[in-house]
Amino acid sequence: MNILLTGGSGFIGSNFVRLVLRERPDYRVTNLDCLTYSGNPENLADIEDDDRYTFVHGNICDLELCTKLMHDCDAVVHMAAESHVDRSIIDARPFVESNVLGTQTLLDALRRADPGGTKRFVHVSTDEVFGDLPLDKPEELFSETTPYAPSSPYSASKAGSDMVARAYAHTFGMPVMITNCSNNHGPYQFPEKVIPLFVTNLIEGKKVPLYGDGKNVRDWLHVEDHCEAVLTVLEKGTPGEQYCIGGNNERSNLELTHAILELMGKGEDMIEPVTDRLGHDRRYAIDATKIKRDLGWEPTRSAWPQALEHTVKWYVDHPRWWQNVKSGAYREYYAKQYGTR
Ligand code: NAD
Ligand code: TDX
């Protein structure tokens, strides 16, 4: 199978490329990525010479380019997006452009190239489209039947992209599937997200900025478990269906921070309580019964705290990667090679 992957130079995308090449020797992956601040070809340095992998520098909003790529592939996994909530609060426009218009452009390109609707399209989305859950009702979980109620400009743009994907599946009978996953952790995550930010700050001797009262809860899943789930949906999912993906692993930010501090041999004095994120969602938690029951997916790499230990160790062992990212040195290097978007 020739997979067209969008956003393959980012955190989840690069882990997906590596997983597919490792577990499906007869598959090929073409990665379409415009290299925003979070797209980093260094994330794929170890496989860039694999002849089953091709990189295309381009934007998912470019209809002509996307149409050409749709002709050449057998299936699409769409991960490209603006992905950070705090950035969406500062400037929502790139979120609407890439997440909503980009998704619509890709689907139009697919319609043009494949009017018969034979090529499967997995739209990778987030649990944040469902809004948030109360802290005092642990029995409440997000599932495929939860109504959409996005809170942040990021989650609103992802909800918009999900609606476009749903509408194309319904209106044109396209074999589109949507996945909604909880928080991921693992190698190559941009150090603006809480785990790599906190770990790298501590290595640098800086404090960790904990938002608000630290009681907000996230459901943590190892990125490779998410990638396995996306591959499972691509291969076995039912067209038109939606699948929630999660680790059944809820942790408050305070609990997460204490676990990171302990792994790094640091004390509580390294916590810096800071003003809360605007509109900060309280709790996310996923009921992944459907994908487990219908498609046989199970997380195998997310057991806590071993999975967190593994992730923390990766950042400790790869200082050159995150120092390049934090200093912006990688941006200058790739801007010379590819230009900026
Ligand atoms: P990321 O920011 O690390 O990577 C995004 C990638 O998309 C980058 O390589 C970037 O260059 C590329 N991109 C952005 N806009 C583009 C455009 N217009 N054209 C081409 N390429 C573009 O994000 P991530 O954390 O890897 O997330 C990947 C996907 O998974 C996103 O759709 C996100 O909403 C979703 N998701 C993420 C998480 C998580 O915890 N990180 C959880 C659930 C779902
Ligand atoms: O400095 C920080 N301090 C802090 O307390 C940062 C960056 C975050 N936090 C808190 C906010 C959240 O409650 O940690 C929690 C996790 O924050 P992020 O890493 O920014 O992730 P989140 O906002 O939960 O969104 C993530 O999960 C769902 C991804 O960024 C999204 O792309 C994904 O869809």
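Numbers for residues simply follow the sequence, beginning at 1. Order of listing sets the numbers, starting from 1, for every ligand and every atom in it.
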> Could you check atom 28 (C) of ligand 2 against the protein and tell me its nearest heavy-atom contact, residue, atom and distance included?
Glu128 OE2, 2.9 Å

> Just which atoms of ligand 1 are under 4.0 Å from any heavy atom in Cys34?
16 (C), 17 (C), 19 (N), 20 (C), 21 (N), 22 (C)

> Is Thr6 in contact with ligand 1, taking contact as a heavy-atom separation below 4.0 Å?
no

> Look at ligand 2 and say whether His280 reaches it with a heavy atom at a distance under 4.0 Å.
yes

> Can you tell me the protein heavy atom closest to atom 30 (O) of ligand 2 and the distance?
Lys193 CE, 3.0 Å

> Can you confirm if the aromatic rings of Phe190 and Phe11 lie within a centre distance of less than 6.0 Å?
no

> For Arg218, counting its heavy atoms only, list the atoms of ligand 2 lying under 4.0 Å from any of them.
12 (C), 13 (O), 24 (O)

> Would you mind checking which non-hydrogen protein atom is closest to atom 29 (C) of ligand 2, with the distance to 0.1 Å?
Ser83 O, 4.0 Å

> I'd like the name of whichever of Val194, Asp281, Val208, Val274 reaches closest to atom 16 (C) of ligand 2 through any heavy atom.
Val194

> Under 4.0 Å from a heavy atom of Thr126: give me the atoms of ligand 2 that qualify, with their elements.
28 (C), 33 (C), 34 (O)

> If you measure from each heavy atom of Pro94 to ligand 1, is any distance below 4.0 Å?
no

> Does the Asp225 side chain pair with the main chain of Arg301, one donor and one acceptor, at a distance under 3.5 Å?
yes

> Considering non-hydrogen atoms of the protein only, which is the closest contact for atom 7 (C) of ligand 2, and what is the distance?
Glu192 O, 3.2 Å

> In ligand 2, which numbered atoms sit nearer than 4.0 Å to a non-hydrogen atom of Leu210?
5 (O)

> Among Gln104, His123, Met163, which residue meets the side chain to side chain contact (heavy atoms under 4.5 Å, CB included) test with Tyr168?
Gln104

> If you take the nearest heavy atom of each of Tyr284, Tyr154, Trp220, Tyr211, which one is closest to atom 5 (O) of ligand 2?
Tyr211

